[in-house]
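Following: one structure in structure tokens, then a few remarks.
The model shown is predicted, which means the values in this text are computed figures rather than measured ones. Order of listing sets the numbers, starting from 1, for every ligand and every atom in it.
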Amino acid sequence: MKRFLNAIMLISVLALASCSTEPKSDIDRKVDELLSKMTLHEKVGQMNQLSGGAWLVDQAAKGEVGSILNCVDPAEINAVQKAAVEESRLGIPILVSRDVIHGFRTIFPIPLGQAATFDPAIVEKGARIAAVEATASGVRWTFSPMLDIARDPRWGRVAEGSGEDPYLDALMGVAMVKGYQGDDLSDPTSLAACIKHFVGYGAAEGGRDYNTTMISERSLRNTYFPAFKATAEAGAATLMTSFNEIDGIPSTGNKWLLKDILRDEWGWDGMVVTDWNSAGEMIAHGFSRDLKHTAEQAINAGVDMDMMSYGFIQYVEELVKEGKVSEKEIDRAVRNILKLKFELGLFENPYVDETASAKIDYAPEHLEAAKQCAIESAVLIKNDGVLPLSGAKTILVTGPLADAPYEQMGTWAFDGQKEHTVTPLAALRQEYDVIWEPGLDYSRDKDMSDFAKVRRAASRADAAVVFVGEEAILSGEAHSLSNLNLQGAQSELIAEVAKAGKPVVAVVIAGRPLTIERDLANCDAMLYSFHPGTMGGPALADLIKGKAVPSGKLPMTFLRDAGQAPFYYNHNNSGRPCNGTETLLNDIPIAAGQTSLGCTSYYLDTGYGPLLPFGYGLSYTTFEYGKPSVEKAELGRDDVLKVSFELKNTGKYEGTEVAQLYVQDKVGSVVRPVRELKRFERVTLAPGESRTVTFELPVSELAFWNIDMEYVVEPGDFRLWVAGDSASGTPVDFIVK
Ligand code: GLC
């Protein structure tokens with residue numbers, strides 16, 4: 001009954017909205033006027049996005065291309081634009097798009113690395129720089145931020161997102177939207193953002209890209225929607241549908257997602273584009289009979305623009321004539337497309353200054369910002385007192401990622417030029433006498449014939465720094481892995497260097513959390529750097545030398561073995577949580593009696609816990625957390641939880657700690673995660689300095705979608721922790737009345 005009443009209310013609200021007397025904006029009037037002049041063929045042309053440049057001039061001249069992607073040459077862009085603006089009947093400009101995912105020319109750390117900074121401000125700055133560089137080349141729309149919650153490092157696209165936590169994901173996504181779009185879409189440096197992939201793409205079963213996802217509505221609402229809702233509310237101009245199907249319905253044909261949630265419930269009025277041929281792929285999914293059917297389903301579900309299926313441009317006019325797609329739906333889609341083009345100022349300024357990019361790309365301030373982001377994105381996961389290598393004079397630099405300018409940029413770095421990359425080898429040569437022995441030529445290299453030479457070189461050095469990890473191509477789209485150990489003979493290389501008996505620092509440059517437990521045993525320190533981009537070398541050199549102090553925190557859980565996936569900190573407790581009494585494989589007696597008593601949710605071989613928890617990261621200094629205190633231990637729904645604690649730098653380096661606030665709703669109408677990140681703050685302290693830090697959390701932010709599928713705060717017992725990672729902290733209880 002409640003749902004029925006809700007539906008009635010919704011319909012009446014919508015009816016009111018549709019005949020609202022609200023004055024139309026100037027842009028709405030321009031869209032109406034232009035739409036009224038367009039033929040059906042011209043309307044469908046706007047819904048058609050094609051990959052290419054100059055060879056699309058003829059179609060542009062016929063008004064059959066609404067947007068292009070993958071052309072970044074200013075002259076070529078102007079040629080296609082000229083055909084559209086000066087030769088097509090209505091002169092509607094083309095929207096030029098590109099995957100600007102973590103920088104355009106100046107490449108920043110991959111988004112997973114940017115998430116490790118826990119610094120939205122630096123992420124926003126990086127997105128703004130990407131927008132300035134990309135728009136200087138003529139690109140006005142990027143397919144970023146990628147918001148897919150990722151709980152399985154076997155999935156190669158964890159590289160592109162902000163990890164496993166919805167709160168961090170939302171903050172990073174909003175920072176990127178603001179950075180790309182700036183304050184005004186009509187500013188020539190404004191780059192329209194695209195929140196993607198809507199939705200649930202990262203939950204692919206087995207971590208295998210494009211695979212099935214089975215996500216309940218409640219999980220969608222509590223875990224996968226929040227970052228999309230936050231970025232939609234932050235003004236994201238566009239959204240991209242995902243390749244995956246959820247419980248049998250491909251997102252590109254999912255009306256509940258694209259109309260009921262996105263438009264009716266959230267009231268978002270941006271433009272929806274498919275992923276690359278994701279409409280056409282509904283045939284392979286077994287959801288569509290043929291390409292014509294995919295066009296019918298996608299448009300009726302709420303898609304506005306078709307990326308590269310060619311289904312819309314071929315069949316929509318037929319579908320309208322057959323009454324399978326209404327011209328009202330077409331007008332809705334074209335309205336969203338034209339509105340964006342007017343908002344971007346493309347009608348007034350369709351062309352790009354072909355001399356601009358040469359003056360802007362790789363500007364010193366861009367490189368400096370990329371370096372600072374790379375510094376903050378590095379996570380120190382082990383240090384037996386050897387870092388920083390401030391006392392060393394001669395060091396051995398070895399490993400396949402020490403001097404790999406292309407690989408260091410990571411996945412989705414199309415327009416970064418490796419000639420501009422500064423590698424760790426080049427940067428360390430400015431700081432030390434370097435003995436350079438690669439040992440391996442690339443991350444998958446198994447040829448150990450140079451290992452003896454490397455070991456001898458290590459014995460001549462004061463310390464050894466081994467750069468291992470992944471070539472860029474080993475993460476990203478369609479690059480899932482079932483084994484997450486270091487590829488090739490990289491682990492053997494670290495072990496070989498360790499035989500020399502000198503301090504060994506391992507630096508991992510990768511696109512995902514790898515299973516590096518066995519490598520930790522063979523090094524005295526490990527810095528984890530998620531493909532750090534153009535300035536990764538200087539950033540890592542400063543950290544190794546001690547000119548900078550690590551502050552990064554893990555945005556994803558690190559596993560002991562890929563077999564533990566999916567594993568994430570904000571999990572539910574299960575009815576048999578691990579309690580430390582577990583019997584491991586080698587402790588089980590021979591011919592042990594059958595029993596399931598006393599057993600809990602764990603693995604016989606790897607036990608229960610991960611290798612390293614979400615939010616973990618060391619510094620060169622140490623921090624001490626005082627017991628948190630709450631201003632009020634009993635709160636009403638309209639109250640604000642205020643948590644204060646002392647944070648002290650108890651070491652000898654100035655450092656920055658990312659203090660984290662976690663909350664648990666101990667009993668709910670549905671089970672609730674054992675912890676959820678609700679706040680974090682980067683706190684910089686001098687040696688010996690301490691500061692009282694206070695987190696303020698409105699009780700309303702403890703709301704979740706409950707047993708009745710209502711978004712509510714449920715009264716009851718709660719627990720909080722303040723700590724430097726998701727597995728630490730002294731619990732403090734409080735009550736919501
Ligand atoms: C790709 C990706 C998507 C990207 C698009 C355009 O297949 O899934 O993230 O934006 O195609 O390159």
Side-chain angles (χ1 to χ4, degrees), residues 48-53 56 65-72 94-104 110-112 127 130-131 134 137 139-150 155-162 169 172-173 176-177 180 191-204 207-211 213 224 227-228 231 236-246 250-252 270-282 284-285 294 298 303-311 410-416 472-473 475-480 511:
N48 187 35
Q49 181 182 54
L50 297 177
S51 177
L56 295 173
V65 186
S67 171
I68 62 173
L69 68 154
N70 297 332
C71 176
V72 294
I94 281 179
L95 182 49
V96 181
S97 62
R98 180 66 159 175
D99 290 283
V100 183
I101 307 298
H102 51 106
F104 182 66
I110 54 173
L112 190 61
S137 278
V139 175
R140 294 300 308 275
W141 180 22
T142 179
F143 302 123
S144 175
M146 187 268 222
L147 302 174
D148 301 307
I149 290 290
W155 189 50
R157 301 197 77 166
V158 300
E160 291 174 64
S162 295
D169 189 21
M172 289 298 156
M176 286 185 192
V177 167
Y180 290 137
L191 187 65
C194 183
I195 51 182
K196 72 182 187 182
H197 307 80
F198 195 59
V199 69
Y201 182 29
R208 195 168 74 247
D209 205 356
Y210 315 115
N211 200 16
T213 68
Y224 294 91
F228 283 94
T231 45
T238 71
L239 171 142
M240 182 185 289
T241 63
S242 60
F243 285 124
N244 58 294
E245 40 89 2
I246 299 175
S251 301
T252 303
M271 190 260 276
V272 173
V273 65
T274 71
D275 200 339
W276 184 288
N277 187 37
S278 65
E281 288 182 6
M282 294 197 289
H285 274 295
T294 71
V303 166
D304 298 322
M305 186 177 276
D306 167 30
M307 182 192 291
M308 284 302 288
S309 89
Y310 297 93
T411 186
W412 291 107
F414 289 129
D415 304 304
I473 196 62
S475 64
E477 183 171 355
H479 294 115
S480 302

Validation row: [X], [Y] side chains within 4.5 angstrom (heavy atoms):
X	Y	answer
Asp275	Thr252	no
His197	Ser251	no
Trp276	Ser51	yes
Phe143	Leu69	yes
Val273	Met240	yes
Met282	Thr274	no

Proximal ligand 1 atoms for [X], defined as those under 4.0 Å from one of its heavy atoms:
X	result
Asp99	4 (C), 6 (C), 10 (O), 12 (O)
Lys196	3 (C), 4 (C), 9 (O), 10 (O)
Trp276	7 (O), 11 (O)
Phe243	7 (O), 8 (O)
Phe143	10 (O)

Is ligand 1 under 4.0 Å from a heavy atom in the side chain of [X], in the backbone, in both, or in neither?
X	result
Gln49	neither
Glu477	side chain
Met240	side chain

Pick from His197, Met146, Arg98, Glu160: the one approaching atom 9 (O) of ligand 1 most closely through a non-hydrogen atom: His197
Check: Arg157 N/O within less than 3.5 Å of ligand 1 N/O: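 Yes; the residue has a nitrogen or oxygen that sits under 3.5 Å from a nitrogen or oxygen of the ligand.
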Side-chain H-bond candidate by donor/acceptor type, Tyr201 with Asp209, under 3.5 Å: yes
Under 3.5 Å side-chain donor-acceptor pair for Trp141 and Ser67: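 No, no side-chain donor-acceptor contact under 3.5 Å.
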Protein heavy-atom partner closest to atom 11 (O) of ligand 1 - residue, atom, separation in Å: Asp275 OD1, 3.1 Å
